[in-house]
Amino acid sequence: MSPIVIIGGAVVLISVILLVVGLSGRPAGQELVEERLGDTEKKPKKKEKKSKRESAVGAAVDRAVAGRGFAQNLSTQLARANLKWTVGEFIVMTVFFAVGAGMLFFILRRMLFVPIGILAGFFLPRIYLSIRKNKRLKEFNDQLGDALNLMVNSLRAGYSTMQAMEVISNEMPVPISEEFGRVVMELQLGVPFDTAMANLMRRMPSGDMDLVITAMSVQREVGGNLAEVLDAISFTIRERVRIKGEIKAMTAQGRITGYVITALPFALAGLVYLITPDFMGELFADPCGWVMIVVSFVMIGLGYFVINKIVSIEV
């Protein structure tokens with residue numbers, strides 16, 4: 001491999017790394033997340049700081065996509081993943097990854113992989129966003145039972161509901177401490193209880209949390225012993241988490257089998273193409289080869305879907 005190709009590939013890789021580090025190194029603050037979720041009451045003094053942190057390109061993209069449905073949906077997804085990026089910055093990073101991956105394969109003279117690299121670079125940030133969002137939601141659900149137990153003990157000790165939620169924000173680990181801390185902050189700033197809880201549900205779309213919020217709203221309207229109700233809900237949630245853990249352990253082999261069987265054909269095809277491009281090139285030079293590729297994709301996707309349905313057990 002020529003030195004020019006090596007240098008070109010290194011430049012593309014370093015550029016991608018610098019972009020990710022630059023966006024990730026922005027000062028951590030809650031105003032971006034809170035603004036996406038409609039909590040505009042608390043930030044009139046922070047607009048100037050936010051505008052200084054945004055890059056010129058990211059700010060221009062933000063203005064271009066402002067008010068669009070996909071931009072609002074993307075901003076909500078970023079908030080759920082707790083990423084301190086604006087929609088414009090995320091779009092710029094997505095385009096950069098797509099162009100960078102395509103250029104890398106172009107420099108390596110693998111023209112067939114250029115469109116594949118562009119597609120992979122385009123979807124890579126969204127895959128990362130989805131993984132981070134799902135991981136954070138799972139951690140929140142796993143911590144919810146213990147948080148409710150702490151809240152029940154606080155209520156029985158004479159604390160108010162807001163004080164009990166403040167105890168959770170101080171004593172529990174992230175992400176549940178962050179979310180309840182935001183709820184407490186909103187309540188202290190005069191946001192209605194139902195609105196603050198609705199904002200929490202938008203950030204954390206959890207079925208268990210929806211049950212808790214419903215119980216708290218009913219108790220505020222008709223009265224009753226909130227500690228007893230939350231204690232029963234906490235026991236149910238902890239049992240559900242325990243059963244899910246047991247099911248996940250028992251279905252681990254099936255899930256890993258699905259991943260391996262799905263990834264193996266792509267890994268082998270890529271390896272063979274890198275070793276002997278001419279041999280694999282015959283597959284793309286004939287219409288029959290394209291039919292075989294399409295059928296292979298359909299069968300692989302169908303197999304992964306069936307395996308995923310088998311190992312997915314609702315609790």
Exercise. Side chains of S234 and R238: donor-acceptor distance under 3.5 Å anywhere?
Worked result: yes
For this session: Indicate the atoms forming the closest heavy-atom contact of I168 with A147, along with that distance.
Result: CD1-O, 3.4 Å
Exercise. Where the side chain of Q163 meets the backbone of S160, is there a donor-acceptor pair that is under 3.5 Å apart?
Worked result: yes
Exercise. Taking only residues two or more places apart in sequence or in another chain, which ones pass side-chain hydrogen bond (donor to acceptor under 3.5 Å, both in side chains) with S169?
Worked result: none
For this session: Supply the atom-to-atom distance M197 CE to E186 CD, rounded to the nearest 0.5 angstrom.
Result: 9.5 Å
Exercise. Are V152 and M165 connected, step by step, through hydrophobic side chains (Ile, Leu, Val, Met, Phe, Trp, Tyr) whose heavy atoms are closer than 4.5 Å?
Worked result: yes
Seminar exercise, completed: For residues 120-134, the salt bridge (Lys or Arg N to Asp or Glu O under 4.0 Å) pairs (sequence neighbours left out) are none
For this session: Enter the distance from I237:CD1 to L230:CG here, rounded to the nearest 0.5 Å.
Result: 9.0 Å
Exercise. Do M151 and L211 sit in the same hydrophobic cluster, where Ile, Leu, Val, Met, Phe, Trp and Tyr count as joined when their side-chain heavy atoms come under 4.5 Å apart?
Worked result: yes
Exercise. For the residue pair R156 and D231, what are the closest heavy atoms and their distance?
Worked result: NH2-OD2, 3.4 Å
Exercise. If you link I, L, V, M, F, W and Y whenever their side-chain heavy atoms are under 4.5 Å apart, who else ends up in the same group as V295?
Worked result: V291, M299
For this session: Indicate yes or no: at least one non-hydrogen side-chain atom of N82 is less than 4.5 angstrom from one of P175.
Result: no
Problem set entry | Distance, nearest 0.5 Å, that separates CG of L200 from CE of M209 | 5.0 Å
For this session: Under 4.5 Å between side-chain heavy atoms, chaining through other members, with only Ile, Leu, Val, Met, Phe, Trp and Tyr counted: pull out the rest of the cluster around V218, sorted by chain and number.
Result: V222
Seminar exercise, completed: side chain to side chain contact (heavy atoms under 4.5 Å, CB included) with L144: of I233, I176, V241, only one passes, and it is I176
Seminar exercise, completed: Residue set satisfying salt bridge (Lys or Arg N to Asp or Glu O under 4.0 Å) with E171, at least two apart, ordered chain then number -> none
For this session: Could you tell me whether a side-chain N or O of N149 sits under 3.5 Å from a main-chain N or O of G145, the two making a donor and an acceptor?
Result: no
Exercise. M201, V212: one ILVMFWY side-chain cluster at the under-4.5 Å cut-off?
Worked result: yes
For this session: Not counting sequence neighbours, which residues clear salt bridge (Lys or Arg N to Asp or Glu O under 4.0 Å) with D142? List them please.
Result: K138
Exercise. How close do V184 and E166 get, heavy atom to heavy atom, and via which atoms?
Worked result: CG2-N, 3.7 Å
Seminar exercise, completed: Output for pair (I256 CD1, I307 CD1), nearest 0.5 Å, gives 12.5 Å
Problem set entry | Pairs where residues 122-161 contributes a residue and the test ring-ring contact (aromatic ring centres under 6.0 Å, His included) is met, not counting sequence neighbours | none
Exercise. Do any pairs count as a side-chain hydrogen bond (donor to acceptor under 3.5 Å, both in side chains) and have a residue in residues 247-264, sequence neighbours left out, and if so which ones?
Worked result: none
Exercise. Going from CZ on R203 to CG on L137, what distance comes out if it is rounded to the nearest 0.5 angstrom?
Worked result: 13.0 Å
Problem set entry | salt bridge (charged side-chain N to carboxylate O under 4.0 Å, His left out) assessment of E178 paired with R136 | CA-CA 11 Å; E178 294 178 343; R136 194 165 185 267; 2.9 Å; yes
Problem set entry | Atom of R202, atom of R80 and distance for their closest heavy-atom approach | O-NE, 2.7 Å
Exercise. Considering only heavy atoms from C-beta outward, does the side chain of P115 approach that of L119 to under 4.5 Å?
Worked result: no
Exercise. Got a sec, which pairs hit side-chain hydrogen bond (donor to acceptor under 3.5 Å, both in side chains) with one end in residues 206-217, sequence neighbours left out?
Worked result: N141-S206, D208-R240
For this session: Give the minimum heavy-atom separation between V191 and A196, together with the two atoms involved.
Result: CG1-N, 3.9 Å
Problem set entry | ring-ring contact (aromatic ring centres under 6.0 Å, His included) against F297, all qualifying residues, sequence neighbours excluded | F266
For this session: Measure the spacing between OG1 of T195 and CG of L187 and express it to the nearest 0.5 Å.
Result: 9.5 Å
For this session: Could you list the residues that satisfy ring-ring contact (aromatic ring centres under 6.0 Å, His included) with F305, not counting sequence neighbours?
Result: none
Problem set entry | Co-membership, hydrophobic cluster, residues V229 and M162, 4.5 Å side-chain | yes
Exercise. What is the minimum heavy-atom distance between Q143 and P173, and which atoms define it?
Worked result: OE1-O, 3.5 Å
For this session: Check salt bridge (Lys or Arg N to Asp or Glu O under 4.0 Å) between R220 and all other residues, then give those that pass, not counting sequence neighbours.
Result: none
Exercise. Hey, any chance M185 and V174 share a hydrophobic cluster, counting ILVMFWY side chains that come within less than 4.5 Å of each other, even indirectly?
Worked result: no
